Amino acid sequence: GCVMWMTRWDAAQHGYLEIVQRKVTGADIDLRDHNGWTVLHAACLGGHTRVVRWVLLQGAGVNLRDNHGHTPLWFAAWGGHIDCVIRLLG
């Protein structure tokens, strides 16, 4: 479909789990974009618990900081995404 052009970070931020899975499987789960974000940062910013859960199961780095020093937990808390916060702390 028309969303396949998305980057892994866009897909994570918008909750497209299946696209994230296609783009990340077999690749570095903690690959960073120009902001220093991983897919976990992006999923937490968007508040997409399904993506967060899957990315964590793939071994994503929970404590990695972006270019401004923010962790995925910071994005989840800042956005008020309590389910994501719980997953990250669990």
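Along the sequence shown, residues carry numbers from 1. Fair warning: this is a prediction, and the values are worked out from it, not measured in the lab.
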Taking all non-hydrogen atoms of both residues, which atom of [X] and which atom of [Y] are closest, and how far apart?
| X | Y | answer |
| --- | --- | --- |
| Ile19 | Ala11 | CG2-CB, 3.6 Å |
| Cys84 | Ala76 | CB-CB, 3.9 Å |
| Trp37 | Trp9 | O-NE1, 3.1 Å |
| Cys44 | Val52 | SG-CG2, 3.9 Å |
| Trp5 | Asp10 | CZ3-OD2, 4.3 Å |
| Val85 | Ala77 | CG2-N, 3.7 Å |

### Task
Please state whether the rings of His14 and Tyr16 are parallel, tilted or perpendicular, taking 30° and 60° as the class boundaries.
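Ring orientation of His14 relative to Tyr16: tilted.
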
### Task
Go through Val39 and Val51 one step at a time and tell me if the side chain to side chain contact (heavy atoms under 4.5 Å, CB included) criterion holds.
CA-CA 9 Å; Val39 289; Val51 178; 5.8 Å; no

Exam field: side chain [X] to backbone [Y], donor-acceptor pair closer than 3.5 Å:
| X | Y | answer |
| --- | --- | --- |
| His41 | Arg32 | no |
| Asn63 | Thr71 | no |
| Asp30 | Ala60 | no |
| His48 | Gln13 | yes |

### Query
Step by step, would you call Trp54 with Val24 a side chain to side chain contact (heavy atoms under 4.5 Å, CB included)?
CA-CA 11 Å; Trp54 185 83; Val24 170; 4.3 Å; yes

### Task
Say whether Val62 and Leu57 are linked into one hydrophobic cluster, either directly or through other cluster members, by side-chain heavy-atom distances under 4.5 angstrom.
no

### Transitive ILVMFWY side-chain link Ile29 to Leu56, under 4.5 Å
yes

Distance check, rounded to the nearest 0.5 Å: [X] atom [atom1] versus [Y] atom [atom2]?
| X | Y | atom1 | atom2 | value |
| --- | --- | --- | --- | --- |
| Ile82 | Thr49 | CD1 | OG1 | 10.5 Å |
| Leu17 | Arg22 | CG | CZ | 10.0 Å |
| Arg87 | Leu73 | CZ | CG | 14.5 Å |
| Leu45 | Asn35 | CG | CG | 10.0 Å |

### Query
Run the salt bridge (charged side-chain N to carboxylate O under 4.0 Å, His left out) check on Glu18 and Lys23 step by step: do they pass?
CA-CA 9 Å; Glu18 294 75 19; Lys23 296 198 177 260; over 6 Å; no

#### Entry: Partner of Arg8 by side-chain contact (heavy atoms from CB on, under 4.5 Å), out of Leu31, Asp33, Val20, Val55
Leu31

